[in-house]
Amino acid sequence: MSFRVPSRVLLDDAAVVLQQGSVAIAAGEREVDLVDVTMSDSSLVACLLAWRRAAQASGAPLSVSNPS
């Protein structure tokens, strides 16, 4: 199973998406799936980097699937 990022990740959405992904990673998720993303800006990159740091801090790598 993986954390599926919502279809829209823009600056206005980033705080909520970051929190959702952080909760999933804290629960042991190690894959972020971008299959549903249709609209994003650099805030998605910031989320991905934060999630990567969180996963590494827990001692596990984070993979990203279905990048556009």
Side-chain angles (χ1 to χ4, degrees):
M1 185 133 184
S2 62
F3 170 66
R4 287 181 75 158
V5 177
S7 62
R8 176 187 153 124
V9 185
L10 300 174
L11 184 59
D12 293 342
D13 314 300
V16 171
V17 174
L18 176 63
Q19 179 62 27
Q20 291 170 342
S22 297
V23 167
I25 290 167
E29 199 59 62
R30 295 297 175 245
E31 181 181 4
V32 174
D33 191 349
L34 302 177
V35 70
D36 295 330
V37 176
T38 58
M39 186 181 298
S40 66
D41 60 15
S42 61
S43 61
L44 177 55
V45 175
C47 289
L48 289 166
L49 292 171
W51 295 331
R52 181 175 175 245
R53 284 190 301 271
Q56 286 179 331
S58 68
L62 183 69
S63 66
V64 177
S65 61
N66 299 305
S68 59

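This structure is a prediction, so every number in the text was calculated from the model and none was measured. One is the number of the first residue; the rest follow in order along the sequence.
Between the side chain of Arg8 and the main chain of Ser40, no donor-acceptor pair closer than 3.5 Å is present. Checking side-chain atoms of Asp41 against main-chain N and O of Leu11 turns up a donor-acceptor pair under 3.5 Å.
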Applying side-chain contact (heavy atoms from CB on, under 4.5 Å), run through Met39 and Ser7 and close with a yes or a no. CA-CA 6 Å; Met39 186 181 298; Ser7 62; over 6 Å; no

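Nearest heavy atoms, Phe3 versus Val17: CZ-O, 4.2 Å. Ser2 approaches Glu29 most closely through the heavy-atom pair CA-OE2, 3.0 Å. Nearest heavy-atom pair across Ile25 and Trp51 is CD1-CB, 3.2 Å. Closest of all the heavy-atom pairs between Val5 and Asp36 is O-CB, 3.6 Å.
Cluster annotation: Leu18 is connected to Val64 through the hydrophobic network of ILVMFWY side chains, with a link wherever side-chain heavy atoms come within less than 4.5 Å.
Looking at heavy atoms from C-beta onward, Ser65 lies out of side-chain contact with Val35 at the 4.5 angstrom threshold. Residues Arg52 and Leu48 have side chains not in contact (no heavy-atom distance under 4.5 Å, counting atoms from C-beta outward). Counting heavy atoms from C-beta outward, Arg30 and Ser58 have side chains that approach closer than 4.5 Å.
To the nearest 0.5 angstrom, Ser43 atom OG is 7.0 Å from Asp13 atom CG.
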